[in-house]
Amino acid sequence: MCGIVGYVGPRQATDVILEGLRRLEYRGYDSAGIAVVHATEAGGTISSDKRAGKLANLEKSMATTPLAESGTGIGHTRWATHGPPNDRNAHPHLGSTGRVALVHNGILENFDALRVELERAGHDLISDTDTEVAAHLLERELTAGADLTTAMQRTCSRLRGAFTLVAIDALDPSRVVAARRNSPLVVGLGDGENFLGSDVAAFIEHTREALELGQDQVVTITADSVSITGFDGAPSEGRGYHVDWDLSAAEKDGFDWFMRKEIFEQPRAVADSLLGRRTSSGALHLDEMRLSEQELRDVDKIIIVACGTAFYAGMVAKYAIEHWTRVPVEVELASEFRYRDPILTSDTLVVAISQSGETADTLQALRHARAQRSRVLAICNTNGSTIPRESDAVIYTHAGPEIGVASTKGFLTQLVACLLLALYLAQVKGTRYGDEVTQVLDQLEQMPEHIESVLAAADQIYELAAAHTDAKTVLFLGRHAGYPIALEGALKLKEIAYLHAEGFAAGELKHGPIALLEEGLPVLCVVPPRDRDQLHDKMLSGIQEVRARGARTICIAEEGDTAIAPYADVLISLPKVPVLLQPLVAAIPLQLFACELATLLGHDVDQPRNLAKSVTVE
Ligand code: F6R
C-alpha cells in the first residue's frame, strides 16, 4: 500500500523516480507526487509536484512544467487512508517553511494529538492526512539545528503506528533519509548511486543488490554511502541480498495485463517453487526450515493465518495436512485471529501465508502467536520482507514478482508450498511412508505440464467470458479442496470485474443459497476427480439441483468425466490429477475467466478500483 521511491546519484532524479513509481504503481494509484532538492546560492531549495489520480496525471503535469534538475529526490504513489484522494492530500508533504519534503506509507495512529500540539505551536497544516504532522515535526527538528538523520530519529520516536517515511532537506541535497516501522522499505545499492523503494521493483533496472532493513531503523543514503541506525541513533546494520529476478520479470512482455502475464507464468512459477526440494536420497527437503525435526514432531496443532487469496490457499492446506499427518488444523482470517483469544501453546505451529510478506493483519497475527510462545512458519514470495524475517521458519515460493493486484501465480505457488509443508510434516512425523511422499512429489513435479495444458485451452474460457458480459451475478460451487477454489474464483471476479460473485460448498447450496438460483444464472462448478467417487457423485447431485432450477451449469471437471457431461451446459476439461492437487489446475480457468471478463467490461485489470497490492494497514 503506497509506493515509495528515493534516489541520490548522478542521474536525473525525476527520471529514476518516475520509472520507480511506474513499477510501484500497483501498490496504490489514488495520487502520485515527487520532490527533488537542488543547491542554490541561498543554500538549496525543494521543488515538487503532486497530482490526484494515476501516475499519468503527474507525468502530464511534469511534461508541461518540469521540476528543476537534480540528483536527489523522493516519490510516492498513494493508496488513500486519511483524506480523500485529491492534489492537496497527495504526497510529498512539506513543512511550514518548505525546507522539508516527506512521503509516507502506513498510518500514524497518534497524528490527531500531534496535530493539536503543532497547531497550538503555530503550525498551519493544510491537508487531511495523518502524514503531514511528520513533515512538520521533522522540519521543527531541522530548524532547531539537527541534521536530517538526527531529525528523523527524533521524529520517529514521537510516532505511533506503521510507517515508512522518506524525506529530503532543502539545505542538504547530498542525502535522502528514511525510516521504517511495520511498513516495508529496501535499499538498492548502486555504483556511485543509491536507491530506496517500498520493494526492489522500484530500482530493479539499476541494481539487483539490495539491503533489507530491520524494524525501527533509520537509513541515510548519499551517492556513495549507506548508513543505518536505530531510532535511538545507535549504529545498526541491514542484511544484504541479491535479487534473483531481473527487469524483464517486471515488464508486461507483450501481454495486455500483468495479471494475464502472471497467469501464463504459472507453469514456471510452480516448477521453480518445486526446485531443489529433494535430497540425493530422494527425501523431501525444505532448506529454510529452521525448525528441528523434534520441534515439528512435537507439534500437536496447526493454525494457519492469512488474508484473501492466501487464506484460500490455507484452506487447501488444511485438507492436505490433516489427511497426510492427522494433526488438527485451523484456518483463520489473520484479521480476526488475535481478537478471539486463540488457544496457543509452544506445541502449536502457526503458519502465516503471505505473497507480499507485508500484510499488516497477517504480521500482527504472527506477532501475537510468537508472544504466546508458539512457533511461526511463513510461506512467502518476497525475500527480505517482514513476515519471513519475523518468523521461526520459512518456505519461500518462487513465483517472481507479482505485480497484478489480483493474486494468481502467488496463489498457485502458495498451494505448492502448503502441499510441500504437509508432505514434510508427514515425512518427519512418520505418518506416511517414504515412498508415498515420493509418489506425491512425483505427481507435483508433473503439475507444470498439466497447468500448461489448461492454459493451452484458454480460448474456450475467453469465449465463455464473452458470453457473460451481461451477467450480474455469478455463483461458484466446489467440494473438498475444490471449495476454496470456488471461493477464490468468486473473489477474482469481484475484485477485477466488479461483479457480484459468491462461492459455496456445494453441499451447502440446499441450506439457503439455492434460493438465489434463477433462469440462466451462471454457476461454475468445480467437480472433484472421479476416483473420489462419493465426493464426485454428491457434486453431481448438486449440479443436477442447479440445472433443475434453470441455472446455467459451467462444469470444470476431469477429462473424460462422462457422468458430468449430460448435466453441463458448458464443460471445461482438466487433466486427471489427485484431488489434493486438483486446485493447482482448477484455479486456472477461473483466473482466466475473471481476467477476460474484466477486460471485456473495460476495467483496469491490474489496478482495480479501491484496491492495492500489499495491504500494509490493519
Ligand atoms: C486477491 C488478493 C488479496 C491477497 C491478500 C493477502 O487477489 O491478492 O486477497 O491475497 O491481500 O495478500 P498477501 O498474500 O500479500 O498477504
Side-chain angles (χ1 to χ4, degrees), residues 1 26-28 79 182-184 198-199 201 257-260 262-263 266 269 273 304-317 331-337 350-366 376 378-391 394-397 399-418 476 484-485 487-499 501 503 587-588 590-595 598 603-618:
M1 251 162 197
Y26 68 89
R27 301 180 69 94
W79 186 83
N182 294 336
S183 222
S198 300
D199 66 52
W257 305 114
F258 277 110
M259 180 183 179
R260 205 186 302 269
E262 288 161 3
I263 292 173
Q266 293 181 117
S273 298
I304 299 175
V305 290
C307 302
T309 289
F311 175 76
Y312 300 143
M315 287 176 74
V316 174
V331 192
E332 178 103 29
L333 289 169
S335 53
E336 290 291 321
F337 177 67
V350 172
V351 179
I353 309 178
S354 173
Q355 186 284 129
S356 62
E358 299 293 349
T359 299
D361 289 316
T362 311
L363 179 60
Q364 294 306 341
L366 93 77
V376 176
I379 291 180
C380 185
N381 191 44
T382 313
N383 196 333
S385 58
T386 310
I387 288 173
R389 209 179 43 239
E390 294 198 15
S391 297
V394 53
I395 302 178
Y396 276 115
T397 55
E402 190 177 64
I403 293 169
V405 164
S407 186
T408 53
K409 63 177 181 172
F411 176 59
L412 242 62
T413 55
Q414 282 165 353
L415 292 175
V416 169
C418 288
F476 293 77
I485 299 307
L487 295 172
E488 170 63 1
L491 176 62
K492 289 279 100 77
L493 213 51
K494 280 183 252 201
E495 68 180 323
I496 59 170
Y498 315 150
L499 275 186
I588 291 164
L590 306 186
Q591 298 169 341
L592 288 167
F593 182 67
C595 183
H603 300 316
D604 186 334
V605 168
D606 285 336
Q607 297 181 348
R609 68 184 180 206
N610 305 335
L611 287 172
K613 192 117 188 126
S614 186
V615 185
T616 53
V617 294
E618 275 186 88

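Just so you know, ligand 1 is whichever comes first in the structure, and atom 1 is the first atom listed for that ligand.
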What residue and atom, counting heavy atoms only, is the protein's closest point to atom 11 (O) of ligand 1, and at what distance? Val615 CG2, 4.1 Å
Option from Val351, Leu366, Val350, Leu363 for which side-chain contact (heavy atoms from CB on, under 4.5 Å) with Ser391 holds: Leu366
In ligand 1, which numbered atoms sit nearer than 4.0 Å to a non-hydrogen atom of Lys492? 1 (C), 7 (O)
Under 4.0 Å from a heavy atom of Gln355: which atoms of ligand 1 are those, numbered in the order shown and with their elements? 13 (P), 14 (O), 15 (O), 16 (O)
Report yes or no: does a heavy atom of Val405 sit under 4.0 Å from some atom of ligand 1? yes
Go through ligand 1 atom by atom and flag the ones less than 4.0 Å from a non-hydrogen atom of Ser354. 13 (P), 14 (O), 15 (O), 16 (O)
Do Glu402 and Ser407 pair up side chain to side chain, a donor and an acceptor below 3.5 Å, judged on atom types alone? yes
Proximal atoms of ligand 1 relative to Ala310 (non-hydrogen, under 4.0 Å): 10 (O), 14 (O)
Stepwise side chain to side chain contact (heavy atoms under 4.5 Å, CB included) check, Thr397 with Ile379: CA-CA 7 Å; Thr397 55; Ile379 291 180; 4.1 Å; yes
To the nearest 0.1 Å, how far is atom 2 (C) of ligand 1 from its closest protein heavy atom, and which atom is that? Thr309 OG1, 3.8 Å
Considering heavy atoms of the protein only, find what lies nearest to atom 5 (C) of ligand 1 and give residue, atom and distance to 0.1 Å. Cys307 O, 3.5 Å
Side-chain contact test, heavy atoms from C-beta onward, threshold under 4.5 Å: evaluate it for Ile403 versus Glu262 and give yes or no. yes
Return yes or no for this condition: an N or O of Thr359 is under 3.5 Å from an N or O of ligand 1. yes
Quick note on ligand 1: atoms under 4.0 Å from a heavy atom of Gln414 include exactly 14 (O)
Counting from 1, what ligand 1 atoms have a heavy atom of Gly308 closer than 4.0 Å? 9 (O)
Measuring from the heavy atoms of Glu358, does anything fall under 4.0 Å of ligand 1? no
Residue pair Asp199 / Tyr26, side-chain heavy-atom distance below 4.5 Å: yes
Under 4.0 Å from any heavy atom of Glu495, which atoms of ligand 1 are there? 1 (C), 7 (O)
Do the side chain of Tyr312 and the main chain of Leu491 share a donor and acceptor less than 3.5 angstrom apart? no
Considering only non-hydrogen protein atoms, determine which one is nearest to atom 15 (O) of ligand 1 and report residue, atom name and distance to 0.1 Å. Ser356 OG, 2.7 Å
Of the options Thr413, Thr309, Asn381, which is the one that meets Gln355 in a side-chain hydrogen bond (donor to acceptor under 3.5 Å, both in side chains)? Asn381
